[in-house]
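Predicted model only: the values in this text are computed from it and were never measured.
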Amino acid sequence: MAASEGVLLGMGNPLLDISAVVDDAFLSKYDIKLNNAILAEEKHLPMYDELASKSNVEYIAGGATQNSIRVAQWMLQTPGATSYMGCIGKDKFGEEMKKNAQAAGVTAHYYEDETAPTGTCAVCVVGGERSLIANLSAANCYKSEHLKRPENWALVEKAKYIYIAGFFLTVSPESIQLVAEHAAAHSKVFLMNLSAPFICEFFRDAQEKVLPYVDYIFGNETEAKIFAKVRGWETENIEEIALKISQLPLASGKQKRIAVITQGADPVVVAEDGKVKTFPVILLPKEKLVDTNGAGDAFVGGFLSQLVQGKSIEDCVKAGCYAANVIIQRSGCTYPEKPDFN
């Protein structure tokens, strides 16, 4: 079946990726680690200009949730099947973002902040691995008032699946709560992502409050281990952790939770109904790897593209692996004109 209009809604931090290949000296200069995602501090601010001055710099529309929604839209090939909300500034980068969403076929309702510039994310690439440093700026200004406006709430009403990355917990937990409760009351599917170690560690309370509403939780092995560690679970076994996450308490009206944990080149772990399954990923020769930026987001996007069509978990994981494999062979979260997935 073709996806219906507006079946999938995403909410998150729209950021413009400023991506460049750097070296180890650059990483240590700004005290950043590969395969991590953090929020920018004072010491990181000069880095954005330094990246922008590099000859190999690229500007790519990003932001975790927006990436996933764009990939799902690309996989579905039905214009307007997906929609997205987040906050941008009234500036050149914001205009870029609007054009990009439109070209991707995503119905984007951005809240435009008068004072803050559009958020950016520094993507520092070394040997194909990436480190992300987000300067949220306008993305941090999203307000639930925007969500409650009739023309925007209509997107929530229309959606049957709602996906929000954990990063949005630092911005508007009240917006997340509103849509989470709406999904529970109307038997809709609500999905989230652990997103980053710092979310699991320092935004645990906000995460804890929304988890009972979450039908599908995504994450990678690093995030899963931190999630377990802060809860004193005393295990680093990903299958065990996925199972425990799937069995955390549910809000009333929720049937079950499925936990989906990716592990880079290792198999995807899926915990459901007290059982764990693993699915191998498509391996890529190292020389074909461009960068891992957006790989996790793309996995979720591919997964969602099948889920909204009522496909099996196995098909969802296959599509996720396909999309991630495409994205890591390109710079940032970008893709060719048409998917080649069946």
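- Atom CD1 in I60 sits 4.0 Å away from atom OG in S331 (nearest 0.5 Å).
- Shown here is E151, whose CD atom has more than 12 heavy atoms of other residues, nucleotides or ligands within 6.0 Å.
- Distance CG/N135 to OG1/T120: 4.5 Å, rounded to 0.5 Å.
- Note on ring orientation: taking the six-membered ring where Trp is involved, the planes of W233 and F227 are perpendicular (angle over 60°, cut-offs 30° and 60°).
- Hydrophobic cluster membership of V21, counting Ile, Leu, Val, Met, Phe, Trp and Tyr whose side-chain heavy atoms lie under 4.5 Å apart directly or via other members: V123, V125, L132.
- Summarising the geometry, atom CG belonging to L283 is positioned 9.0 Å from atom CG belonging to N325; distances are rounded to the nearest 0.5 Å.
- Here the closest heavy-atom approach between residue S144 and residue L178 is recorded as CB-CD1, 4.1 Å.
- Atom CD of Q263 is separated from atom CD1 of I238 by 5.5 Å, given to the nearest 0.5 angstrom.
- A donor-acceptor contact shorter than 3.5 Å links the side chain of Q77 to the backbone of W74.
- Residue pairs satisfying the ring-ring contact (aromatic ring centres under 6.0 Å, His included) criterion with at least one member in residues 3-26, sequence neighbours excluded, are listed as follows: F26-Y30.
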Side chains of residues 240-251: which donor-acceptor pairs under 3.5 Å do they make with residues two or more places apart or in other chains?
residue: E240; atom: OE2; partner: T235; partner atom: OG1; Å: 3.4
residue: S246; atom: OG; partner: L243; partner atom: O; Å: 2.6

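- Of the listed residues (N193, T65, T82), just one forms a side-chain hydrogen bond (donor to acceptor under 3.5 Å, both in side chains) with Y163, and that residue is N193.
- Taken from CZ in R330 to CD in E58, the straight-line distance is 10.5 Å, to the nearest 0.5 Å.
- Atom NZ of K33 sits in a sparse spot, with 12 or fewer heavy atoms from other residues, nucleotides or ligands closer than 6.0 Å.
- Listed by chain and number, the residues in a ring-ring contact (aromatic ring centres under 6.0 Å, His included) with Y322 are F341 (sequence neighbours excluded).
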Side-chain atoms of residues 215-225: list all donor-acceptor pairs with protein atoms under 3.5 Å, sequence neighbours left out, distances to 0.1 Å.
residue: D215; atom: OD1; partner: K254; partner atom: NZ; Å: 3.4
residue: D215; atom: OD2; partner: F190; partner atom: N; Å: 2.7
residue: D215; atom: OD2; partner: K254; partner atom: NZ; Å: 2.6
residue: N220; atom: OD1; partner: T222; partner atom: N; Å: 3.1
residue: N220; atom: OD1; partner: E223; partner atom: N; Å: 2.9
residue: N220; atom: ND2; partner: E223; partner atom: OE2; Å: 3.2
residue: E223; atom: OE1; partner: N220; partner atom: N; Å: 2.9

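- A salt bridge is absent between E95 and K92; no separation between the charged side-chain nitrogens and carboxylate oxygens falls under 4.0 Å.
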Side chains of residues 99-110: which donor-acceptor partners sit under 3.5 Å, not counting sequence neighbours?
residue: N100; atom: OD1; partner: R70; partner atom: NE; Å: 3.4
residue: H109; atom: ND1; partner: N152; partner atom: OD1; Å: 2.8
residue: Y110; atom: OH; partner: Q66; partner atom: OE1; Å: 2.5

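- Hydrophobic clustering (ILVMFWY, side-chain heavy atoms < 4.5 Å, transitive): I199 and V214 are in one cluster.
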